[in-house]
Amino acid sequence: MIVPVLENDGLEVLAFALDAELDIIGVMDVGLNEDERRRAERVRLERDRRRFVVGRGQLRRILASKLGISPSDVELDYGPLGKPYLSHRMPARDLHFSFSRSGDVAVVALSTGQEVGVDIEAVLPVPEADEIAALCFSASEGGSYATLGAEDRLEGFFRRWTELEAVSKALGCGLGQSMFWNERDWVVRRFIPRSGYIGSVVIPNWHSRDVTTH
Ligand SMILES: CC(C)(COP(=O)(O)OP(=O)(O)OC[C@H]1O[C@@H](n2cnc3c(N)ncnc32)[C@H](O)[C@@H]1OP(=O)(O)O)[C@@H](O)C(=O)NCCC(=O)NCCS
């Protein structure tokens, strides 16, 4: 079942579970292309292979319903670091999307006319959270994180972490890459894909300055 978890001015986030019955997995598999099937075959753990098939299958179904075509006709291209986007051969080329999963939950963010990035994480203890924050967060993010009390710290960490990943995904780069970005260049929306999880979705803030993507 696909559930809307955020809807705001042309920006939409849909959530779904990745653990599904075998017959559903079979339906999802039918929509996948050869490359995606080969990728699924390379996933060692059966559970993760099924989750990949359901995630990609649902992504295709969501895009297909927006485009008015069938899931197997959705054509994706990839940026240099793996960011998927709709092929120029698809109708509605101004439809942008981003996909994220954590555990058995996945989300697809959709935006018309502007780039979008989404990230979700299960809120679980991270013993090295403070070290990661010191390394990865900007001065202002790190500063506000440091002021959080013990009871707000874990959620505060994941709020900033998902925001960072969402920007990285909107830009089409990876976290392994150095990334220079200004918080004012992005509009961030938070959402809860499921209890125990946290998510951030970002779109460019056109009131700030031009943001180059892909
Ligand atoms: C993109 C990335 C940040 C997401 O990581 P994650 O939080 O572990 O995973 P998520 O579930 O949130 O997102 C995965 C989805 O993001 C999308 N994605 C993959 N690469 C992406 C990229 N470069 N930009 C945006 N989205 C990307 C895909 O839809 C992927 O789903 P799939 O694995 O089912 O195809 C991470 O995979 C990454 O760093 N990739 C780039 C690799 C890279 O930079 N290599 C060189 C380093 S110098």
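One-based numbering, in listed order, for ligands and for the atoms of each. What you see is a predicted model, and the numbers here were worked out from it, not measured in a lab. Atom set for the values below is all heavy atoms of this structure, side chains included, hydrogens, waters and symmetry mates excluded.
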Per-atom contacts of ligand 1 with E165, taking only distances under 4.0 Å to non-hydrogen atoms: 3 (C), 5 (O), 7 (O)
Ligand 1 versus A106: contacting region, heavy-atom distance under 4.0 Å: neither
Heavy-atom proximity to atom 12 (O) of ligand 1, best of R51, E121, K169: K169
Candidate with minimal heavy-atom separation from atom 20 (N) of ligand 1, of G82, A166, S168: G82
Shortest reach to atom 17 (C) of ligand 1 by a heavy atom, considering only P84, S100, P80, G199: P84
Verify same cluster id: V54, V43 (apolar side-chain graph, 4.5 Å): no
For D119, atoms of ligand 1 separated by under 4.0 Å from a heavy atom: 7 (O), 12 (O)
Carboxylate-amine/guanidinium contact E46 R49, below 4.0 Å: yes
Shortest reach to atom 23 (N) of ligand 1 by a heavy atom, considering only V118, V43, L81, L164: L81
Ligand-residue contact atoms, ligand 1 with F99, heavy atoms, under 4.0 Å: 13 (O), 15 (C), 16 (O), 29 (O), 31 (O), 34 (O)
Distance (rounded to the nearest 0.5 Å) between Q114 CD and N205 CG: 9.5 Å
Contacting atoms of ligand 1, where contact means under 4.0 angstrom from a heavy atom of F52: 34 (O)
Charged N-O contact under 4.0 Å between E12 and K66: yes
E131, CD: over 12 other non-hydrogen atoms inside 6.0 angstrom: yes
CD1 on I192 to OH on Y197, rounded to 0.5 Å: 12.5 Å
ILVMFWY network linking F191 to L164, side-chain heavy atoms under 4.5 angstrom: no
